[in-house]
Amino acid sequence: MGVKIAAQGLEGAIAGTQVLIAGKEDNIEELKLSVMEDLEEVMKDISKESRGVHVQASTLGALEALLDFLRNSTIPVASINIGPVHKRDVIKASVMAEKEPDLALILAFDVKISTDAAELAKSSGVTIFTADIIYHLFDKFTKHMALSKERQRKVLLETGVAVFPAVIKIIKGDVFNKKSPIIIGCEIEHGILRVGTPLCIPALKFMEIGKVGSIEHNHKELKEARKGMSVAVKIDAVNDQQAHLLFGRHFDHTHRLYSSLTRDGITALKTHFKDDLSTDEWRLVQKMKQIFSNGVQQW
């Protein structure tokens with residue numbers, strides 16, 4: 001049972017907030033402040049950097065519960081609203097499409113989505129997740145972020161931005177092809193060697209010799225080889241200068257091969273591959289960082 005109120009200006013009212021009756025002796029301004037306290041408490045959960053998802057709920061109480069859950073789950077919130085999702089809510093969320101596309105999201109709890117809002121979301125890069133149970137929204141968000149992270153990792157590896165640390169010893173006498181593509185037997189002395197890794201020789205002024213085209217161990221192709229493994233490595237030239245390199249003339253088994261690390265590459269490792277490297281491999285990153293920063297101009 002409830003009371004239906006008909007009055008002007010109700011479009012600014014928020015579902016779930018207090019309804020107070022002003023008596024003759026009551027201070028109207030104090031009552032206004034009292035009503036606003038609930039909303040101000042909710043607004044504390046909004047990111048001051050305007051970074052995060054847009055959150056929508058059916059009532060203020062539902063919004064408070066959802067924000068509390070998101071805060072404990074370390075999910076940033078940029079904006080909020082109460083009631084059905086309309087175009088203006090999608091516009092708020094679309095701000096993140098350029099800054100951080102992964103967070104261009106609307107988490108809609110127990111509310112309807114207008115047709116116009118759904119259409120605008122599709123064209124503006126905003127994803128809308130709906131659910132009647134808070135945990136279901138969290139599951140959808142978690143799955144979304146995991147898939148996004150995996151896509152980013154794949155792009156960073158395929159474009160050669162993310163390069164794993166590796167120091168490689170050429171096995172004397174294990175030379176299967178001396179010119180491009182150079183194929184040699186190697187031992188991974190330190191780190192992780194992956195297909196696509198650019199290689200250089202610090203002892204020869206960081207001469208770049210190409211990228212790892214394939215790795216073979218016991219007649220089986222591998223995506224990566226780790227410390228202690230002996231493998232056959234094919235090195236593909238990526239430019240004309242590298243295509244003219246000849247094993248035995250320009251470099252030989254006495255030279256150590258290093259994966260070519262860059263500042264951007266190390267940042268990518270820290271951001272997206274932190275758990276893929278062991279403590280020893282991170283120490284190797286630091287050692288190689290010093291070697292490259294001291295020896296490469298504009299590193």
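Only this structure's heavy atoms are used, side chains among them; waters, hydrogens and symmetry mates stay out.
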(message) Asp102 and side chain to side chain donor-acceptor pair (under 3.5 Å): which single residue from Lys149, Arg151, His144, Gln152 fits?
(response) Gln152

(request) Any chance you could lay out the side chain to side chain contact (heavy atoms under 4.5 Å, CB included) test for Arg51 and Lys99, step after step, and finish with the verdict? (result) CA-CA 8 Å; Arg51 172 187 176 273; Lys99 297 179 181 179; over 6 Å; no

(request) Could you verify whether a donor N or O on one side chain and an acceptor N or O on the other, from Asn239 and Glu208, lie under 3.5 Å apart? (result) no

(request) Sort out for me which residue in Val90, Ile113, Thr130 forms a side-chain contact (heavy atoms from CB on, under 4.5 Å) with Ile106. (result) Val90

(request) Calculate, to the nearest 0.5 Å, the distance between atoms OG1 and CG belonging to Thr115 and Leu120 respectively. (result) 12.5 Å

(request) Look up atom CD1 in Ile80 and atom NZ in Lys92, then write down how far apart they are to the nearest 0.5 Å. (result) 8.0 Å

(message) Using side-chain heavy atoms (C-beta onward) and a distance below 4.5 Å, is Glu189 in contact with Lys227?
(response) no

(message) To check you understand the geometry: which heavy-atom pair defines the closest contact between Phe164 and Ser259, and what is its length?
(response) O-OG, 2.8 Å

(request) Quick one: pull up CG in Leu137 and CG in Leu107 and give me the separation to the nearest 0.5 Å. (result) 5.5 Å

(request) Indicate yes or no: at least one non-hydrogen side-chain atom of Pro198 is less than 4.5 angstrom from one of Val163. (result) yes

(message) What's the separation between atom CH2 in Trp282 and atom NZ in Lys274, rounded to the nearest 0.5 Å?
(response) 8.0 Å

(request) Kindly give the heavy-atom pair with the smallest separation between Pro84 and Gln56, and that separation in Å. (result) O-NE2, 3.0 Å

(request) Share the residues that join Leu204 in a hydrophobic cluster, the rule being Ile, Leu, Val, Met, Phe, Trp or Tyr side chains under 4.5 Å apart at the heavy-atom level. (result) Ile168, Ile170, Val175, Ile182, Ile184, Ile188, Leu193, Val195, Leu199, Ile201, Met207, Ile209, Val212, Ile215, Leu222, Met229, Val231, Val233, Ile235, Leu245, Phe247, Phe251, Leu257

(request) Please lay out, stage by stage, how Glu64 and Asp68 fare under the test side chain to side chain contact (heavy atoms under 4.5 Å, CB included). (result) CA-CA 6 Å; Glu64 287 178 318; Asp68 184 60; over 6 Å; no

(message) Quick one: does any side-chain atom of Ser58 pair with a main-chain N or O of Gly83 as donor and acceptor, under 3.5 Å?
(response) no

(message) Let's go through Phe206 and Tyr258 carefully: what are the C-alpha distance in whole Å and the side-chain angles of both, what is the deciding distance for ring-ring contact (aromatic ring centres under 6.0 Å, His included) to 0.1 Å, and is it a yes or a no?
(response) CA-CA 9 Å; Phe206 294 87; Tyr258 282 62; 8.0 Å; no

(message) Nearest 0.5 Å, please: how far is NE2 in His272 from CG in Leu156?
(response) 5.0 Å

(message) Side chains of Asp264 and Thr262 only: does a donor on one sit below 3.5 Å from an acceptor on the other?
(response) no

(message) Quick test of your reading of the model: are Glu221 and Lys234 salt-bridged, counting only N-O distances below 4.0 Å?
(response) no

(request) Inspect the contact between Arg153 and Asp276 and indicate whether a charged nitrogen and a carboxylate oxygen are less than 4.0 angstrom apart. (result) yes

(request) Look only at the side chain of Ser94 and the backbone of Ile91, and say whether a donor-acceptor pair between them is shorter than 3.5 Å. (result) yes

